[in-house]
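What follows is a set of notes on a single structure, which appears directly below.
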Amino acid sequence: MCAYVLVAEDEPNQAALIGRFLARENHAFLLVGDGRSALDEVRRRRPDLLILDLMLPGVDGWDVCRALRADHTDLPVLVISARASADDKLLGFDLGADDYLVKPYDPRELMARARALLRRSGAGGPPAAPLLRVGDLEADPVRHEVRVAGRPVACTPAEFRILSVLAAEPGRVFSRAQVLDRAYGQDGFITERTVDVHVRNLRRKLEVDPAAPAYLLTVYGVGYKLVDGSGGAR
């Protein structure tokens, strides 16, 4: 599961459409059709995001926002509404909405805005991956940056994936099949020969002498390993 999203929308077709798009992105979600149910669910089980229609029966979306902020909750709220005036939008933000999307909308835009709110709040995904260090080689999975002794090294996404696999367990020997499995999963279009090509390109970028590598070593008949660079070629 990526996140738990509460959807407060009283129009069944719209609610079902939002649910389908959330399911595609592996989010857990609950659909409710009125504001009171939305407030009860927030207080019962804090969601990661609330997608909130303003024109709800009973307790409307305006009052839901007021109540949430009176509770001092920082729950991200994405308002969806047919009310398109600047005054309506400003009121929504004043009441604590984090984003405001006017109906009719493209569901893909809705999901893009939902992803942005989840990302800003730190919800909806795994913790940020730690910096990988092997000697004076660093691979930063968050920034997708590689440095050797402080020198930036430009890597392609494929090279970075392979380097990250090896850097996660320095000194361990990985067969080509193991590298493929960890870097690409079940992608049948990637071959073991691809690993050799990327390793060769990585050596050109990382090593002082690619012909006598100090970091990315070949263990003949087995595969590859990444070491701290202090021992020279093996």
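The closest side-chain donor-acceptor pair between D34 and S37 falls under 3.5 angstrom.
Of the possible donor and acceptor atoms, one in the side chain of R69 sits under 3.5 Å from a partner among the backbone N and O of G96. Looking at T218, its side chain never comes within 3.5 Å of a backbone N or O of Y220 through a donor-acceptor pair. For D99 (side chain) and L78 (main-chain N/O), no donor-acceptor pair under 3.5 Å exists by modelled atom type. Without hydrogens or angle criteria, E169 side chain to R172 main chain gives no donor-acceptor distance under 3.5 Å. Proximity of a side-chain donor or acceptor of E207 to a complementary backbone N or O of A214 within less than 3.5 Å is detected. Counting only distance, with no hydrogens or angles, the side chain of Q178 and the backbone of S175 share a donor-acceptor pair below 3.5 Å.
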Can you list the steps and then say if Q14 with Y105 is a side chain to side chain donor-acceptor pair (under 3.5 Å)? CA-CA 10 Å; Q14 284 292 311; Y105 53 80; 3.0 Å; yes

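In this structure, the side chains of V79 and D98 stay at 4.5 Å or more apart for every pair of heavy atoms. Two residues are said to be in side-chain contact when any heavy atoms from C-beta on lie closer than 4.5 Å; L95 and F93 fail this criterion.
Judged by a 6.0 Å distance limit and a 45° cone about the ring axis, R182 is not positioned over the six-membered ring of F174.
Comment: K103 engages E9 in a salt bridge, judged by a side-chain N to carboxylate O separation of less than 4.0 angstrom. Remark: E138 does not engage R147 in a salt bridge, criterion side-chain N to carboxylate O under 4.0 Å.
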